[in-house]
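Side-chain atoms are counted along with the backbone in the values below, which use heavy atoms only and exclude waters and symmetry mates.
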Amino acid sequence: MSATILVTGGAGFIGSNFIPYFMERHPEYKIINLDKLTYAGNLENLKEVENNPNYTFVQGDICDENLVNELFEKYDFTGVIHFAAESHVDNSIKGPRAFINTNLVGTFNLLEASRTHWLEAPFTPKSGCENRRFHHISTDEVYGTLGAEGYFKETTPYAPNSPYSASKAGSDFLVRAYHHTYGMNVTSSNCSNNYGPKQHSEKLIPTIIRNCLNLSPIPIYGNGQNIRDWLYVTDHAKAIDLIFHKGKSGETYNVGGHNELTNMEITHAICALLDDLRPRQDGKKYADLITFVKDRAGHDLRYAIDPTKITSELSYKPEETFKTGIVKTVQWYLDKA
């Protein structure tokens, strides 16, 4: 059976790792990558698939309702895998409007196009559209913050604390509503912090690496004790592939790496790696560059995911520990520098 999948935001960090992973495992699928190419999108990250006859790039905005519908008409998508989002918390604090537009209005446009092209009426798929699926990628930040103990589960009440997480929470609820109101075949995933090759330079780990190599101060918010659960990006790609193909319609799956680390632990791990891989010429340690800066507004203390559901129901297992994944990540940035 031929299948044509719309991947939105495929030139971003996670999408550009997902597309090569997915195409290698499913060479029978055609992939249409719709990306606006904002500052966070980079076609250089898709060099390995750009000449693949089953891959097509379309530059455009998911907020452009006419374009989205034209693409559905032209390609008759059998599935949607929706990455496209504004995702940087600091940017959402400075300028929230783009987050509302992309994450809410853009997701709505994709859901509406899917509904009108796949369904005759609520709970009545058009002939040949019975198995068409919409998969939505979200974040653990919709759950708010945790104390020293406990984990986010799929049943954890939503409590978003930033304009970014609030806009993602809204998009999650839209996806849920289209399943319960119209019977649309949807799945969602909420993941912990991703890291790995191709990540935009504004994020924590690339910033640490870049500032080390430039011998610039490494800015650490507050006291550096904020905790995140880190997931290697190709382990996330593996999870999305599993959910898209085997997940139960209407269900959400939390994807985590069981790698809880403070920002200071992350920073010291990277500095120690670089001390070995590319020692400073002045004989000093990279950790000497650590500088504490004023904490981010509304900075959540801790995120951690309970991945029991995806592990038990879909036999998911991450392949990388933080120790192995961070070596691959640092080496990628060194090779690129």
Side-chain angles (χ1 to χ4, degrees), residues 8-9 12-15 40 62 80-93 95-108 110-111 134-147 149-181 184 186-195 203-204 226-231 233 235-236 239-240 243-244 247-248 250-260 296-310 316:
T8 69
F13 165 44
I14 303 173
I62 58 172
V80 174
I81 299 177
H82 175 35
F83 291 95
E86 293 285 347
S87 68
H88 192 46
V89 176
D90 288 355
N91 291 347
S92 82
I93 294 168
R97 186 177 300 278
F99 289 73
I100 302 307
N101 288 337
T102 298
N103 299 353
L104 279 167
V105 177
T107 300
F108 168 73
L110 292 164
L111 287 165
F134 187 107
H135 180 69
H136 173 63
I137 290 103
S138 191
T139 171
D140 58 359
E141 296 191 39
V142 296
Y143 299 121
T145 187
L146 288 166
E149 296 181 355
Y151 295 91
F152 294 137
K153 301 174 183 287
E154 288 81 1
T155 53
T156 300
Y158 274 35
N161 290 326
S162 69
Y164 160 58
S165 55
S167 67
K168 287 300 285 186
S171 67
D172 293 2
F173 289 145
L174 282 172
V175 173
R176 174 189 168 87
Y178 270 69
H179 176 72
H180 288 277
T181 302
M184 214 163 93
V186 305
T187 48
S188 294
S189 54
N190 294 68
C191 69
S192 56
N193 278 37
N194 280 220
Y195 72 101
K203 300 290 187 172
L204 176 66
N226 300 75
I227 295 170
R228 300 293 181 260
D229 174 11
W230 292 89
L231 177 68
V233 67
D235 281 329
H236 188 194
I240 294 166
I243 297 165
F244 183 72
K248 184 179 175 186
E251 293 292 311
T252 293
Y253 297 86
N254 282 354
V255 187
H258 267 322
N259 291 302
E260 281 189 63
R296 166 196 285 166
H299 198 177
D300 291 333
L301 174 66
R302 174 174 171 258
Y303 306 146
I305 271 184
D306 178 357
T308 301
K309 181 176 177 179
I310 189 171
Y316 170 73

Novice: K203: what forms a side chain to side chain contact (heavy atoms under 4.5 Å, CB included) with it, not counting sequence neighbours?
Specialist: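 S87, H88, Q199, P206.
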Novice: Contact between N193 and L204 at the side-chain level, heavy atoms closer than 4.5 Å - yes or no?
Specialist: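 A side-chain contact under 4.5 Å is absent here.
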Novice: What residue pairs, at least two apart or across chains, pass salt bridge (Lys or Arg N to Asp or Glu O under 4.0 Å) with a residue in residues 151-168?
Specialist: K153-D306
Novice: Establish, from distance only, whether the side-chain atoms of H136 and T107 form a donor-acceptor pair under 3.5 Å.
Specialist: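 Looking only at side-chain atoms, T107 and H136 do not form any donor-acceptor pair under 3.5 Å.
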Novice: Where do L104 and S171 come nearest, in terms of heavy atoms and distance?
Specialist: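 Scanning both residues completely, I find the closest heavy atoms to be CD2-N, 3.6 Å.
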Novice: Within the structure provided, determine whether F83 and I81 are in side-chain contact (heavy-atom separation under 4.5 Å).
Specialist: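 Answer yes - side chains close enough.
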Novice: Does any non-hydrogen side-chain atom of I137 lie less than 4.5 Å from one of H236?
Specialist: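 H236 reaches I137 side chain to side chain.
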Novice: Taking the side chain as every heavy atom from C-beta outward, state whether E141 and V89 have any pair of such atoms under 4.5 Å apart.
Specialist: yes
Novice: Roughly how far, to the nearest 0.5 Å, is OH of Y253 from OG1 of T187?
Specialist: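 Atom-to-atom, T187:OG1 and Y253:OH are 7.5 Å apart.
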Novice: So, for G256 and S192, which heavy atoms are closest and what is the spacing to 0.1 Å?
Specialist: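 Smallest interatomic distance, heavy atoms only, reads CA-OG, 3.5 Å.
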Novice: For residues Y303 and L146, report the shortest heavy-atom separation together with the two atoms involved.
Specialist: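 Here Y303 and L146 meet closest at C-CD1, 4.1 Å.
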Novice: With sequence neighbours left out, write down each residue that passes side chain to side chain contact (heavy atoms under 4.5 Å, CB included) with A166, or none if nothing qualifies.
Specialist: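 By the side chain to side chain contact (heavy atoms under 4.5 Å, CB included) rule, A166 matches P160.
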Novice: Calculate, to the nearest 0.5 Å, the distance between atoms CD1 and OG1 belonging to I310 and T252 respectively.
Specialist: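 Rounded to the nearest 0.5 Å, the CD1-OG1 separation comes out at 11.5 Å.
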Novice: Which heavy atom of N194 sits nearest to which heavy atom of F13, and what is that distance?
Specialist: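 Heavy-atom minimum between the residues: CB-CE2, 3.6 Å.
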Novice: Can you tell me how far CE of M184 sits from CZ of R176, rounded to the nearest 0.5 angstrom?
Specialist: 14.5 Å
Novice: Quickly, which of V142, V255, T139 forms a side chain to side chain contact (heavy atoms under 4.5 Å, CB included) with N190? Name it, please.
Specialist: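 Checked V142, V255, T139 against N190; only one passes side chain to side chain contact (heavy atoms under 4.5 Å, CB included): V142.
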Novice: Does H135 reach the side chain of S189, with side-chain heavy atoms less than 4.5 Å apart?
Specialist: yes
Novice: For residues P96 and P163, report the shortest heavy-atom separation together with the two atoms involved.
Specialist: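 It is CB-CB, 3.8 Å.
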Novice: Are any non-hydrogen side-chain atoms of S167 and I100 less than 4.5 angstrom apart?
Specialist: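 The answer is yes, as the side chains (C-beta and beyond) meet within the 4.5 Å cut-off.
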Novice: Go through it in stages, so that I can follow the logic: the residues are H82 and I62, the test is side chain to side chain contact (heavy atoms under 4.5 Å, CB included), and I'd like the CA-CA distance, side-chain angles, deciding distance and then a yes or no.
Specialist: CA-CA 10 Å; H82 175 35; I62 58 172; 3.7 Å; yes
Novice: For N103 and N101, indicate whether the former's side chain and the latter's backbone hold a donor-acceptor pair under 3.5 Å.
Specialist: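 Checking the backbone N and O of N101 against the side chain of N103, no donor-acceptor pair under 3.5 Å is found.
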Novice: Is any side-chain heavy atom of N91 closer than 4.5 Å to one of F99?
Specialist: yes
Novice: Who passes ring pair (Phe, Tyr, Trp, His ring centres under 6.0 Å) against F173, sequence neighbours left out?
Specialist: Y158
Novice: With sequence neighbours excluded, what pairs up with L301 under the side chain to side chain contact (heavy atoms under 4.5 Å, CB included) test?
Specialist: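 Residues passing side chain to side chain contact (heavy atoms under 4.5 Å, CB included) with L301: T145.
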Novice: Is there a side-chain contact between Y151 and D229 (heavy atoms, below 4.5 Å)?
Specialist: no
Novice: Looking only at non-hydrogen atoms, find the nearest pair between S188 and V175 and report the distance.
Specialist: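 Heavy atoms only, the tightest pair is OG-CG1, 3.6 Å.
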Novice: I'd like to check the ring pair (Phe, Tyr, Trp, His ring centres under 6.0 Å) partners of F152; sequence neighbours left out, ordered by chain and number.
Specialist: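 For F152 the ring pair (Phe, Tyr, Trp, His ring centres under 6.0 Å) partners, ignoring immediate neighbours, are Y143.
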Novice: Without swapping roles, check the side chain of Y316 against the backbone of D235 for a donor-acceptor pair under 3.5 Å.
Specialist: yes
